[in-house]
Amino acid sequence: MVSNSEVAGTLSEIADLLDLLGEKFKPEAYRRAARSIEALPESLETIASRGDLRSIPGVGEAISEKVTEILRTGSLAYLERLRGQVPPGVLELMRLPGVGPKTARRFWAELGISGPAQLSEAIAAGRLSGVKGFAEKRVGQLRSAVGEVAAPSPSERMPIERAWPLARAIVEALRAVPTVHEVAVAGSLRRARETVGDLDVLVTADRTQPVFDTFSRLAEVREVRLRGPTKETVVLTCGLQVDLRVVEPEAFGAALQYFTGSKDHNVRLRSLARERGLKVNEYGVYRGEERIAGRTEQEVYGALGLAWVPPELREDRGEIADAAAGKLPRLVEAPDLVTELHAHLSPATTPVDLEGLVASARERSVEAVGVVVGRVRGGETVWTVPPELLDRIRGPPLRGIRLVPAVEAEGDLTGVGRSTLAAFEAEYLIAVPAGLGRAPSPQDLPPTPVKLVAHAGGAVDVARPVLELARLCRAAVEIGPGAERFDSTVARLARESGIALAVPTGVGTPPGDPSSAVALGFVRRAGATREEVLNASGLGTPAGPQPPLTGPRGRGRTPGHRKR
DNA sequence: GCCGTTTTCGGCCCGACTGTTTTCAGTCG
């Protein structure tokens, strides 16, 4: 079994090799195919077995044949042939910071340098002095670049839930600068990608200098890598790179659009602009010399005849055509989340904790909270809240918040039934299918409806049996960051199978915990509307057409409705 | 190599920054 990432890696290597060989457009074609494959919600094997490889953006006749060969044989003759033309060390040279295909090729072809070690020797021996294009400063850069190879590896992509608090801290620090007006985070964090490679921060300000000064002096900053009149790049102690740009207010929307990406979304957007005789860059939309949009993103998309595209959808998966046709989904939003389905009290719970939970719900305008009052494993009770708390949870609403008792059932669901709920006087079950190694069969299902499948997590292929369980139970699956929840690719698969989603609201989590915001980003990234999120319908829904409480696919009701 | 409500051929996003230049090439995002 060859993973999607391995295939993407192979295509990227082909791109690099073609770059070194001086090819013009092929490298970008291979990179684009690699990016789409990396972002696929299901395995290439599955797609190939349906004969659908050509439906992947950027995959045409030639690349689909190569992918097929890799899947079938685990290797690729074309790649081996390219490798034969370029010494392996030259690829490593190209991966040094500041060294691209042209420079690497010159080292190799003109100076006989075919690897970082040889480059290091050449620099030490002074063989670069007098060579055109390699003056003192450049040689200094190369020396440190070669040195860094042995040092800790360059920063890899970071899980979004880790990057989120860092971004928040930076935004708050910049907002405190007196000359600053607007601050926004763009990039893959804004698109709610599961991992982020760097942070992009945009600022409008009266004066640039104080902004850069504050930025460079942040406690988390390890080094300032580059500073120009409008842009500064730093590296944080954790290795994450942060780019800060100061833009004028008239261009804020255009810059936000541009730096939010994705790259493929922007390329398509600018191609569309060209077709309409317009030009889009980070300063605005231009007809000739005249700027016709730029202050807001709505203006920018509007000038191109498009509806504003939510950042989470900007991946060139057809969203631009949808925006042109007015067919973009109305994605679920934070105020839609009126119910928390899965809140925990600590094992040593006191009434104070319950007050805290209620306060937390009020803060977030959540009106009903499903509280776990007990946990069972294989029919045995493993944990339960103190009886006096159970009474309060079952009692009348606390300060307007309705508390709904729920039971978590770990692992195997056989033996879990109505009696389990009755024992706890709970209203619904939360399945926690740890170690579910196979697809469940209907006999495995409890006679009591399960409302939520939570704490499952894992990669797409691991998720399938869990999704099958959710489908059979007509339960929602919990989405969110971390190893114990499902990400946006699984959320998308769930939606496509008609399975409802559940989004943690953050009720009962510490202040500043990013998991609720990230979870919302994930389900939006999966294209979910309010109607597809179980805890977004029902209670307190604003006036207007009410979504069906029981969705078209027969999902359960929200806790708050059971006694109304 | 991919792709097309202008195309099955002829295009392929665009600008900041750096170091090296006498006006630009390369890298990066």
Side-chain angles (χ1 to χ4, degrees), chain A residues 11 14-37 53-67 78 82 93-107 128 130-142 145 154 186-188 196-202 224-233 241-247 251 254-255 257-286 304-305 316 320-321 324-325:
Chain A
L11 298 179
I14 292 173
D16 288 347
L17 289 166
L18 290 172
D19 244 341
L20 284 169
L21 293 168
E23 285 280 356
K24 265 292 189 218
F25 295 101
K26 286 187 192 181
E28 217 18 63
Y30 277 95
R31 285 199 186 97
R32 176 164 150 68
R35 282 196 302 273
S36 338
I37 286 171
L53 287 177
R54 297 282 298 268
S55 70
I56 301 166
V59 175
E61 187 182 351
I63 294 184
S64 75
E65 280 172 10
K66 292 186 174 72
V67 170
Y78 178 64
L82 289 177
L93 283 176
M94 201 178 107
R95 287 172 190 145
L96 296 175
V99 178
K102 301 281 170 56
T103 311
R105 191 178 159 80
R106 279 194 66 199
F107 283 144
L128 255 53
V131 179
K132 192 164 180 285
F134 296 101
E136 194 183 337
K137 267 187 144 170
R138 184 100 174 89
V139 174
Q141 280 182 338
L142 288 168
S188 47
V196 301
D198 63 4
L199 294 178
D200 292 290
V201 184
L202 296 179
V224 176
R225 194 160 270 183
L226 147 180
R227 182 188 264 201
T230 64
K231 173 184 170 178
E232 177 164 314
T233 296
Q241 178 171 313
V242 188
D243 294 327
L244 173 70
R245 287 176 179 83
V246 181
V247 303
Q257 193 289 316
Y258 180 86
F259 291 110
T260 296
S262 67
K263 183 186 170 84
D264 291 327
H265 175 88
N266 285 356
V267 167
R268 185 160 304 265
L269 199 71
R270 288 197 287 273
S271 302
L272 181 78
R274 277 170 84 91
E275 289 167 14
R276 301 187 179 183
L278 302 170
K279 187 178 79 169
V280 183
N281 58 27
E282 61 262 54
Y283 302 108
V285 182
Y286 292 82
L304 301 171
D316 190 26
I320 289 180

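Throughout, protein chains are lettered first and strands after them, A, B, ... in sequence-line order, and every chain is numbered starting at 1. The basis for the numbers below is simple: all heavy atoms, side chains too, and nothing from hydrogens, waters or symmetry mates.
Separating the CG atom of A/Leu269 from the C1' atom of B/dC12 is a distance of 16 Å, rounded to the nearest angstrom. Computed from coordinates, the A/Arg227 CZ to B/dC17 P distance equals 12 Å when rounded to whole Å. A straight line from CG of A/Asn281 to P of B/dC14 spans 8 Å, rounded to a whole angstrom.
Considering only side-chain N and O atoms, A/Lys137 lies under 4.0 angstrom from the phosphate OP1 or OP2 of B/dG19. At the phosphate of B/dC28, neither OP1 nor OP2 sits under 4.0 Å from any side-chain N or O atom of A/Thr233. An OP1 or OP2 oxygen of B/dA25 is reached within less than 4.0 angstrom by no side-chain nitrogen or oxygen of A/Arg106. For the OP1/OP2 pair of B/dC12 and a distance below 4.0 Å, the side-chain nitrogens and oxygens of A/Ser271 include no atom meeting the criterion.
Residue A/Lys102 has its side chain nearest to B/dT27 when only B/dC14, B/dT27, B/dG1 are considered. Checked against B/dG29, B/dT27, B/dA16, the side chain of A/Tyr283 finds its nearest nucleotide in B/dA16. Nearest to the side chain of A/Thr230, among B/dC17, B/dG1, B/dT18, sits B/dC17. For A/Ala29, the listed nucleotide lying nearest its side chain is B/dG1; candidates were B/dG1, B/dG19, B/dC12.
B/dC12 has its base stacked against the ring of A/Phe25, the centroids being under 5.5 angstrom apart at an interplanar angle below 30°.
Across all strands, A/Tyr258 comes closer than 4.0 Å to base atoms (heavy-atom distances). Within 4.0 Å of A/Glu232, counting heavy atoms only, lies no atom of the nucleic acid at all. Backbone-only contact: A/Glu282 has heavy atoms under 4.0 Å from sugar-phosphate atoms and none from a base. Across all strands, A/Asn266 comes closer than 4.0 Å to no nucleic acid atom at all (heavy-atom distances). Within 4.0 Å of A/Pro229, counting heavy atoms only, lie sugar-phosphate atoms of the nucleic acid but no base atom.
A heavy-atom distance below 4.5 Å is not found between the side chains of A/Asn281 and A/Tyr258. Residues A/Leu17 and A/Glu23 are not in side-chain contact: their nearest non-hydrogen atoms beyond the backbone lie 4.5 Å or more apart.
Salt bridge annotation for A/Arg31-A/Asp19: present, with a cationic side-chain nitrogen under 4.0 angstrom from a carboxylate oxygen.
In this structure, B/dT8 makes no Watson-Crick or G-U wobble pair, since no nucleotide meets both defining distances under 3.5 angstrom.
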